[in-house]
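Working notes, beginning with the structure itself.
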Amino acid sequence: MEKSLTKIASLKGCGAFADFKWQDALGDTATLKRRNIVFGWNGSGKTTLSRIFRAIENWQSAKAVADALPDGWDVHLQVQGESAFKLKQDKINKLPPVYVFNRDFVEKSVVGAEGPLSPIITLGKDSADDAARLNKLVVEQAAVEKDSTLATKQQADGSKAWETKCSAGAKKIREDLGGRGVAEFRNFEAPAFKRRFETFANDATKFAAARLTDGDLATQLTTVSAEERQPVSRLPSAVDDLAATLGTVTEVCGRSVVVDAIKSLANTPDVEAWIRAGLALHEKHSATDCLYCGQDLPEGKTEALKRHFDKAYDQLLADIDAALAKLTTAGEACDEVSNAITPADAILAPLRSNYATAAKALTERIALRQQAIAEATQHLKSRQGQPLKEFPVAQVEAPAIAVEIEAVNKLIDRHNKGVADHRKLVKEASDKVADHVAAQYEGEWIAHVAAEKALNEQREKLQLRATELREQITELRRVVEGHAPIAAALNGDLKDYLGHDDLSLLAVDNGYKLQRRGADANVDTLSEGEKTALAVLYFLRCLDDKRVDRAKSLIVIDDPVSSLDSNALYAAITFVCHKLDDAGQVILLTHSFTAFREWKKWCNTKGLAGGGACFQCKSKTVDGKRCATLGKVDELLENYESEYHYLFHYVVRASEGPLAAPELLPLANVARRVLEAFLAFRRPRPSEGEGIGHGKRSMDLDLIQFKPKLPDVSLNQLSRLERFVNTFSHNDNVPVPGSERTPTGESDQVAGILLAFMAGLDPSHVADMKALIGASSPATAPTVPTTLSPPRGPANTGSPLSTTQPRGAS
């Protein structure tokens with residue numbers, strides 16, 4: 001496209017964009033492409049951008065100056081092949097034709113419209129005959145739809161009845177097997193029953209094979225109730241050189257040390273040790289005087305002391321220390337074996353007596369071994385106390401225990417094999433009982449399948465007739481009503497976009513009249529999502545006008561999926577892409593991460609002429625005030641399929657603080673979304689009375705239930721976290737610093753509590769997430785908007801992380 005917009009060069013005094021420069025924020029090389037998506041939370045500046053383009057559109061359509069830029073807004077743009085220029089009414093010829101969908105368009109085209117919507121095109125005149133036929137077909141269509149609805153209800157009732165049967169069957173299996181040997185049947189519910197039932201439901205012979213006689217059933221139940229034991233760990237092998245060490249003890253105690261001993265020292269071991277230490281100090285410091293009393297050392301005294309403490313003496317002490325260390329290691333090995341001996345009552349009954357005998361023999365041998373170690377240790381310590389005196393002792397004997405350990409381990413191996421075989425028998429018996437119960441429902445299943453088949457055939461016939469009627473009615477309306485084809489097209493769009501056909505447009509002489517379920521409706525009755533849907537579809541149809549050259553136009557759309565529920569969101573996202581495939585240049589702005597994720601793929605279509613680009617509107621605090629900027633998409637949003645990584649990083653940064661008050665304000669909503677996502681995946685089906693909503697996503701978090709699993713998090717901290725996310729995260733409006741509902745005073749502390757809570761339940765997850773964001777995220781804190789839509793529970797789209805839709809534009 002020759003006049004494609006390449007840069008928003010600068011914005012000054014434009015709402016939240018106090019002083020934005022493209023080059024500072026994005027550099028020289030970054031440019032707008034053919035397809036562009038701008039992601040940003042509410043309050044980040046997206047609406048400001050859309051209103052700048054809305055002003056351009058108004059100037060191009062020669063609308064009043066009042067619809068142009070507000071006073072003081074300084075906007076510089078750059079188009080392909082030209083330098084940046086200041087945006088003025090007399091400069092709009094530099095730009096391609098611009099068409100903008102935003103909140104202003106919604107207000108003017110739908111919300112604030114007086115009377116019928118203006119028709120896009122007008123064709124033809126009414127035909128009385130065709131009109132009569134049209135009315136007859138519409139009546140028949142209503143009857144067909146009524147019959148189809150009744151068949152659908154009958155199908156639903158049949159499925160519900162079968163679900164009730166499955167619940168009854170599951171309850172019977174749970175009663176028969178739940179308190180017995182296999183954990184699978186302790187919480188056995190209807191879905192598990194259906195899975196088991198469907199493995200043989202289509203083969204009548206399997207029903208008969210699964211049924212048990214009363215005697216067989218009693219036998220299988222007896223097997224299931226048999227005693228169950230757990231596997232036991234084998235004892236560690238006792239490999240040591242205790243016998244050699246005991247021999248060393250005998251040798252060391254009887255070893256003679258031939259030295260020129262000083263008798264007085266040999267008879268006073270404590271003095272001898274003191275003199276030995278003093279001699280070393282004198283040698284170290286080359287002292288000629290006594291370091292203790294200061295007097296001259298007697299001539300020859302130092303040499304006499306050296307002869308007393310010779311190398312043989314030192315070797316003896318070293319050998320004593322080494323032998324003592326080996327005895328300690330041998331004692332610890334005995335303790336390890338002794339502590340590993342499993343009590344006999346944990347062993348299968350047939351092996352219990354032999355095991356008890358073998359374990360007792362091993363225990364006694366270990367006691368004798370420990371006694372020998374203690375005796376040898378005492379010998380060494382005695383010699384250690386008087387190293388110059390020989391201390392001959394008899395050889396200490398210690399029994400070996402390898403044979404006894406092996407005997408115990410053989411019995412443990414037999415026990416473990418018995419446990420494995422026992423579990424296999426119990427599982428087989430349990431499966432036979434469960435299949436027997438399921439087989440009792442053969443008749444109900446056959447009746448359910450037959451009814452389901454008949455209703456499906458009936459619905460197919462009705463749907464075929466309904467399709468024929470719709471085609472005939474559409475063709476007649478094209479003839480009967482002048483601009484009816486556009487109304488019909490818009491109605492088809494609405495159904496695709498919203499996922500239902502409750503809302504429709506009726507072509508009248510001067511435009512379109514709004515209807516709900518066939519009756520006239522007022523615009524005031526529309527929900528926010530319906531207003532947005534109707535407006536964006538009307539906008540896209542206006543682009544079909546023959547006066548619009550879409551291939552040479554810049555189309556700007558701000559949050560076309562705002563306030564849509566989960567059923568409509570994905571359809572709307574795809575619809576917008578499809579309708580804009582041939583546009584010359586597109587800028588999509590959204591706060592919905594789900595929309596961003598899907599449109600990002602559309603922008604990055606392989607081989608797309610003109611390419612695609614993703615940007616992010618961000619808020620930052622400058623001199624205590626919130627300022628908007630346009631930059632690259634945060635890496636955590638760019639590289640992952642959910643917002644979770646980005647939001648988790650924000651909680652971490654908030655816990656580290658200090659952040660400015662405007663950046664802390666959205667923390668309650670962020671914390672709630674992180675918490676709900678973490679709990680939804682960490683504990684998708686909490687046990688009764690635990691977690692959030694007893695297994696269902698709920699806006700009422702009950703974190704106190706997790707206290708038994710969080711020894712390092714106090715009840716007071718859990719209460720603070722629970723109060724914080726339940727109180728502040730429901731606000732549609734941003735709290736004002738200093739007001740009584742402002743959470744910033746405790747935000748950083750609560751962020752820390754949230755991380756401690758998550759780490760207590762899943763430390764590996766939190767550690768991995770912290771490592772990931774530290775490696776892949778920017779050094780600065782992620783930019784946070786000053787407004788953030790509150791979570792709305794089940795209305796969220798996609799995963800629990802999906803961005804909820806706001807009640808107003810960004």
Side-chain angles (χ1 to χ4, degrees), residues 155-231 348 418-452 679-698 702 705-706 708-709 761 794:
Q155 259 189 324
D157 291 343
S159 296
K160 184 177 180 180
W162 174 242
E163 287 287 342
T164 301
K165 295 292 184 182
C166 290
S167 295
K171 181 181 178 183
K172 174 63 176 171
I173 291 174
R174 195 166 59 247
E175 290 173 348
D176 288 348
L177 301 173
R180 300 174 187 262
V182 180
E184 173 188 351
F185 300 105
R186 291 172 190 162
N187 295 299
F188 201 74
E189 300 293 344
F193 179 88
K194 290 171 69 175
R195 287 193 297 271
R196 177 172 292 274
F197 189 91
E198 290 167 1
T199 58
F200 58 91
N202 296 322
D203 188 345
T205 60
K206 291 185 178 180
F207 283 112
R211 294 190 182 93
L212 301 174
T213 64
D214 291 344
D216 288 340
L217 179 60
T219 299
Q220 301 303 332
L221 289 173
T222 299
T223 301
V224 172
S225 301
E227 178 186 38
E228 181 180 2
R229 296 290 172 183
Q230 299 299 319
L348 291 173
V419 167
D421 292 344
H422 174 77
R423 288 183 176 181
K424 181 179 178 182
L425 291 174
V426 170
K427 180 64 169 68
E428 290 174 352
S430 298
D431 284 337
K432 289 180 180 178
V433 173
D435 288 345
H436 169 77
V437 174
Q440 310 308 307
Y441 291 85
E442 178 185 7
E444 287 87 343
W445 166 257
I446 292 174
H448 169 67
V449 170
E452 185 82 5
L679 290 176
F681 288 98
R682 178 67 177 78
R683 310 182 74 79
R685 285 191 64 185
S687 58
E688 184 66 24
E690 175 187 312
I692 50 176
H694 306 300
K696 299 178 181 178
R697 295 189 71 243
S698 169
D702 186 7
Q705 299 289 340
F706 292 95
K709 304 179 184 300
L761 290 183

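Of all non-hydrogen atoms in E452 and Q155, the two that sit nearest each other are OE2-NE2, 3.4 Å. Taking all atoms of both residues into account, the shortest heavy-atom contact from F185 to S430 is CE1-CB, 3.5 Å.
One finds no salt bridge joining R211 and D435 here, because no Lys/Arg side-chain nitrogen approaches an Asp/Glu carboxylate oxygen to under 4.0 Å.
Contact check for F188 versus L177: no side-chain heavy atoms found under the 4.5 Å cut-off. Between Q230 and V419, the closest side-chain pair of non-hydrogen atoms is not below 4.5 Å. You'll find the side chain of D216 stays beyond 4.5 Å of the side chain of K432, heavy atoms only.
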Which donor-acceptor pairs under 3.5 Å do the side chains of residues 162-173 make with protein atoms, sequence neighbours left out?
| residue | atom | partner | partner atom | Å |
| --- | --- | --- | --- | --- |
| E163 | OE2 | K194 | NZ | 2.6 |
| T164 | OG1 | K160 | O | 3.0 |
| S167 | OG | E163 | O | 3.1 |

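One finds the CD atom of E444 at 7.0 Å from the OH atom of Y441 (value rounded to the nearest 0.5 Å).
The main-chain N or O of L212 is found under 3.5 Å from a side-chain atom of H436 such that the two form a donor-acceptor pair.
Remark: A451 pairs with no residue by the side-chain contact (heavy atoms from CB on, under 4.5 Å) rule, at least two apart or across chains.
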